[in-house]
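The next block holds one structure in the form of structure tokens; read it before the comments.
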Amino acid sequence: MLTAASEQRAPSRHRLGLGAVVVIVLLALAVTVGIGIFRGQSAPTQAVTIERTAAATVSPAALYVHVSGAVREPGLYVLPRGARLVDAVAAAGGFGGDAARDAVNLARPVADGEQVVVPRIGEQPAPATPGSAPGGKLDLNTADQAALEELPGIGPALAQRITGWREQNGRFTSVDDLLAVPGIGEKMLASLRDLVTV
């Protein structure tokens with residue numbers, strides 16, 4: 001038979017054993033967390049750097065213009081659509097000291113892929129055809145009426161409608177915009193598509 005004193009000791013031992021288990025579990029947990037922190041600090045890390053290139057920041061509506069000649073910093077510049085020659089010269093650091101400033105039309109719109117050559121004093125400026133673009137195509141945004149009349153099927157009246165549309169609506173954003181000009185239909189657009197650009 002158990003005495004009253006032995007009955008009291010049994011629950012106390014049970015409580016002591018349960019307390020020891022809790023302490024051991026907490027200690028094991030603390031050791032596991034400590035090992036994890038130590039490993040995290042000593043693990044090799046890899047630095048990743050991302051370089052942003054000019055091409056990555058360029059919007060689809062940007063123009064690439066090569067500016068050379070009598071400018072302070074000749075080179076290739078990315079300009080927004082609708083930029084003028086004054087913007088291209090400004091991007092290149094402005095005119096050089098020997099630039100023939102009157103030989104360039106600063107108000108002229110620039111085209112994508114164009115090379116702008118600012119002549120030096122005493123040099124003859126390169127002959128420019130109004131509206132000419134790289135690849136021999138006529139730029140609808142810079143061509144004057146006379147240049148437009150050189151296109152097959154475009155007479156004085158239709159050329160005037162094209163320049164009038166451009167003055168009212170702004171620059172052509174696509175060759176397909178020609179369909180908005182009265183007198184130009186799908187058939188004429190198809191005949192002009194390989195001859196013009198924007």
Side-chain angles (χ1 to χ4, degrees), residues 54-55 58-71 73-96 99-198:
V58 173
S59 71
L63 303 172
Y64 286 82
V65 180
H66 178 200
V67 185
S68 63
V71 290
E73 298 173 18
L76 178 66
Y77 293 94
V78 180
L79 302 173
R81 283 258 177 223
R84 306 248 171 198
L85 193 59
V86 66
D87 301 315
V89 171
F95 286 115
R101 296 172 185 227
D102 293 337
V104 291
N105 176 5
L106 294 174
R108 178 177 67 77
V110 294
D112 185 41
E114 180 180 357
Q115 180 182 25
V116 175
V117 181
V118 177
R120 290 178 171 77
I121 296 171
E123 284 182 348
Q124 290 294 327
T129 305
S132 62
K137 293 185 177 185
L138 189 70
D139 189 331
L140 293 172
N141 292 313
T142 59
D144 61 10
Q145 186 168 339
L148 289 166
E149 289 177 24
E150 303 260 332
L151 293 169
I154 305 291
L158 203 46
Q160 190 172 22
R161 281 189 223 138
I162 293 171
T163 58
W165 187 93
R166 191 172 63 199
E167 288 168 9
Q168 284 185 333
N169 301 290
R171 296 173 61 83
F172 288 94
T173 58
S174 159
V175 173
D176 292 333
D177 288 346
L178 281 174
L179 290 172
V181 176
I184 297 181
E186 292 284 349
K187 188 174 179 181
M188 182 173 281
L189 177 63
S191 69
L192 295 174
R193 191 175 295 282
D194 293 334
L195 304 173
V196 295
T197 189
V198 292

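Values reported hereafter were calculated over all heavy atoms of this structure, with side chains retained and with hydrogens, waters and symmetry mates removed. All values derive from a computational prediction rather than experimental measurement.
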In residues 84-96, what donor-acceptor pairs under 3.5 Å come from side-chain atoms, sequence neighbours left out?
{"unit_1": "Arg84", "atom_1": "NH1", "unit_2": "Ala107", "atom_2": "O", "d": "2.7"}
{"unit_1": "Asp87", "atom_1": "OD2", "unit_2": "Arg84", "atom_2": "N", "d": "2.8"}

Can you name the nearest heavy-atom pair linking Arg81 to Val198, along with the distance? NH1-O, 4.2 Å

Among residues at least two apart in sequence or on other chains, which ones pass side-chain hydrogen bond (donor to acceptor under 3.5 Å, both in side chains) with Ser68? Gln115

I need the minimum non-hydrogen distance between Trp165 and Ala180, along with the two atoms involved. NE1-CB, 3.6 Å

Under 4.5 Å between any side-chain heavy atoms of Ile162 and Leu178, yes or no? yes

Once you round to the nearest 0.5 Å, how far does CG of Leu151 lie from CD1 of Ile154? 6.0 Å

Using the test salt bridge (Lys or Arg N to Asp or Glu O under 4.0 Å), find all partners of Arg171 that sit at least two apart in sequence or belong to another chain. none

Return yes if some donor-acceptor pair links the side-chain N/O of Arg166 with the main-chain N/O of Leu140 below 3.5 Å, else return no. yes

Excluding sequence neighbours, so at least two apart, what forms side-chain hydrogen bond (donor to acceptor under 3.5 Å, both in side chains) with Asn141? none

So which atom in Pro119 and which in Val104 form the shortest heavy-atom distance, rounded to 0.1 Å? CD-CG1, 3.9 Å

Are Leu148 and Leu138 close enough that some pair of their side-chain heavy atoms sits under 4.5 Å apart? yes

Can you tell whether the side chains of Lys137 and Asp194 come within less than 4.0 Å, N to carboxylate O? no

Which heavy-atom pair separates Thr142 from Pro109 by the least distance, and what is that distance? CG2-O, 3.5 Å

Could you tell me which residues satisfy side-chain hydrogen bond (donor to acceptor under 3.5 Å, both in side chains) with Ser191, sequence neighbours excluded, listed by chain and number? none

Rounded to the nearest 0.5 Å, what separates atom CD in Gln160 from atom CD in Glu167? 9.0 Å

Evaluate the side-chain proximity of Met188 to Leu158: yes if any heavy-atom separation is below 4.5 Å, no if none is. yes

Looking at Ala99 and Ile121, what are the two nearest heavy atoms and their distance? O-CG1, 3.6 Å

Any idea which heavy atoms bring Val116 and Arg108 closest together, and the distance? CG2-NH2, 4.2 Å

Residues which pass side-chain hydrogen bond (donor to acceptor under 3.5 Å, both in side chains) with Gln145, listed by chain and number, not counting sequence neighbours: Glu149

